[in-house]
Amino acid sequence: MVGAGISGLGAAHRLRGAGHQVDLIDRAAVPGGRCGPGILCGRAIMVGGRLIGAKYTALRDFLTELGPFPLEPAWMRLTHLIDGDLVALDHRDPASTLRYLVGAGAAAPDVVKFSYLSRRAQDEPGLLAPGYFSKLAGLGDRKPLTDHFDPVIARKLLAPMTIWMHGAEPDEVHLGSFGMVLSTIIDEFEQLTDGIQPVVAQLARRGVALRTGTTVSRVLVRNGRVRGLTLSEGGGPAVDRHYDAVVLALPAVVASELTTDEFPALAKLLAQVRYLPAAAAVVEYDREVFPPGVGGISLDNGPCRMAGAYGVERRNTVRYTFSGRAARPLPTAAVLDTWLGRTERLLADSFGLGALRRRGVVRRGWAAGYCAYLPFHLEFTTKLRHELAACGRLSLAGDFLLGTSLEACFRSGVAAAEAVTTELS
Ligand SMILES: Cc1cc2nc3c(=O)[nH]c(=O)nc-3n(C[C@H](O)[C@H](O)[C@H](O)COP(=O)(O)OP(=O)(O)OC[C@H]3O[C@@H](n4cnc5c(N)ncnc54)[C@H](O)[C@@H]3O)c2cc1C
């Protein structure tokens with residue numbers, strides 16, 4: 001197993017459950033991948049993916065079975081800063097959102113279209129799977145999302161959504177994956193009170209061998225079958241290690257690099273998937289930042305497009321996300337600090353606070369932070385399955401398969417483990 005993010009945890013758990021010996025390999029010293037585990041002022045946090053929706057059933061079952069691990073409510077009403085005005089748009093009150101759009105001059109047929117798609121998405125599981133939105137992809141994925149909606153809707157409503165889910169502007173994503181965004185955004189969220197670390201520790205107690213600080217450079221193949229990995233432990237020399245099968249639970253761009261020598265056609269396909277950078281910081285302050293009833297703020301321009309209270313219980317802690325065009329390329333630590341300072345001043349001005357005093361800060365950046373997908377996603381996965389069928393005992397998991405959410409990643413890991421188990425039996 002390569003990659004100890006949520007996809008890898010799903011795969012490792014299922015493989016172990018099927019009775020296999022599992023090495024869970026990760027180049028980072030601390031497992032958890034883009035969940036971005038860290039410690040802030042003595043408490044566990046996740047700088048990256050942390051929100052667990054009510055629809056995240058597979059992940060929730062896993063957490064219950066392995067734990068249980070305490071969850072705390074995490075999502076509150078978001079206020080939007082649009083053209084300098086604070087606007088409260090609540091997904092639980094779609095009528096007010098539609099009224100706001102019409103009042104802002106959005107074309108009525110497009111408001112109706114948006115409203116219809118939102119209703120269709122309500123019952124969807126938030127995954128990139130065959131269904132209504134994959135059919136829409138066939139009709140509409142030749143053009144970006146912005147070509148399907150009035151610019152007022154695109155800027156005021158779609159942008160905060162696509163930025164939140166993909167770190168992408170609405171002209172960088174397509175209709176086919178928009179159902180996943182809509183379905184996810186209207187969910188209700190919780191988060192792991194103690195972060196992802198206890199989950200990984202429990203998996204290790206169940207017999208998954210964790211090999212952190214170990215970088216894999218290639219997949220080894222003999223007679224068309226995967227035979228192991230070339231890896232380097234703790235910065236040491238590259239060595240070959242034998243494995244009966246390999247699951248790569250990585251961003252597509254990394255899986256492409258590891259397979260390029262042995263499976264060039266697969267690697268070429270994987271390299272097409274677009275990734276966008278993301279940086280984030282979690283800061284604890286000497287007091288609460290948002291007024292009662294406001295859980296966070298979505299900003300309509302600049303590198304920071306989202307700043308939210310870390311949780312209902314932790315309102316003096318704010319998670320800032322830096323993504324979208326103005327946040328590219330991935331910032332250096334110095335640039336990130338400048339952006340952070342600017343956003344703190346903006347928050348202080350918007351909510352009439354004095355200078356905020358920091359108690360602690362944890363920062364992270366990912367070059368391949370968000371998967372922005374390809375148009376015609378199901379065609380891509382069909383081609384991928386075809387190529388993968390020629391790569392014996394290799395399986396893939398990650399955000400580029402079923403979706404970007406923790407649930408989608410977890411499910412992709414389970415599916416990858418099941419494919420390997422079938423092949424080995
Ligand atoms: C800022 C941010 C906030 C997000 N918020 C949410 C959220 O609230 N809710 C939600 O559902 N989703 C969220 N997401 C999306 C979600 O977090 C990710 O899609 C998911 O965590 C990806 O998991 P993964 O296991 O597929 O990949 P990763 O977490 O990236 O795991 C891959 C692992 O592979 C390791 N690795 C890479 N290369 C090598 C190598 N050569 N050798 C060995 N190891 C290697 C990496 O160190 C990493 O640990 C967010 C994403 C970001 C960036």
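Both ligands and their constituent atoms are indexed starting at 1 by order of listing.
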May I ask you to identify, for V2, whether its side chain, its backbone, both or neither come under 4.0 Å of ligand 1 on a heavy-atom basis? side chain
For ligand 1, indicate whether the residue C409 contacts it via side chain, backbone, both or neither (heavy-atom separation under 4.0 Å). side chain
E387 and K383 ion-paired at < 4.0 Å: no
Closest protein heavy atom to atom 15 (C) of ligand 1, given as residue, atom name and distance to 0.1 Å: T404 O, 3.2 Å
For atom 8 (O) of ligand 1, grab the closest protein heavy atom and report residue, atom and distance to one decimal in Å. L51 N, 2.9 Å
Taking every heavy atom of A255 against every heavy atom of L396, the minimum-distance pair comes out as CB-CD2, 4.3 Å
Measuring from non-hydrogen atoms of Y56 to any atom of ligand 1, is the shortest distance under 4.0 Å? yes
Using a 6.0 Å distance limit plus a 45 degree cone around the ring axis, check whether R50 lies over the aromatic ring of Y310. yes
Note: E190-R60 ion pair, threshold 4.0 Å (strictly below): yes
shortest atom 36 (N) of ligand 1-to-protein heavy-atom contact is with L250 CD2, 3.5 Å
Does only the side chain of C371 get under 4.0 Å from ligand 1, or the backbone, or both, or neither? Count heavy atoms. neither
Students should be able to answer this: which protein heavy-atom is nearest to atom 29 (O) of ligand 1, and at what distance? R34 N, 2.7 Å
Compute the ring centroids of F62 and H13, then answer whether they are less than 6.0 Å apart. yes
for atom 13 (C) of ligand 1, nearest protein heavy atom and its distance come out as G49 CA, 3.6 Å
Examine ligand 1 and decide if any of its atoms is less than 4.0 Å from a heavy atom belonging to I52. no
When you measure from atom 24 (P) of ligand 1 to every protein heavy atom, which one gives the shortest distance, and what is it? S7 OG, 3.4 Å
Excluding sequence neighbours, so at least two apart, what forms ring-ring contact (aromatic ring centres under 6.0 Å, His included) with F290? F351
Pairwise side-chain hydrogen bond (donor to acceptor under 3.5 Å, both in side chains) hits with a residue in residues 338-350, at least two apart: Y285-E344, E344-R358
For atom 49 (O) of ligand 1, what's the nearest protein heavy-atom neighbour? Residue, atom name and distance, please. D26 OD2, 2.5 Å
Side chain to side chain, C35 and L406, heavy atoms closer than 4.5 Å: yes
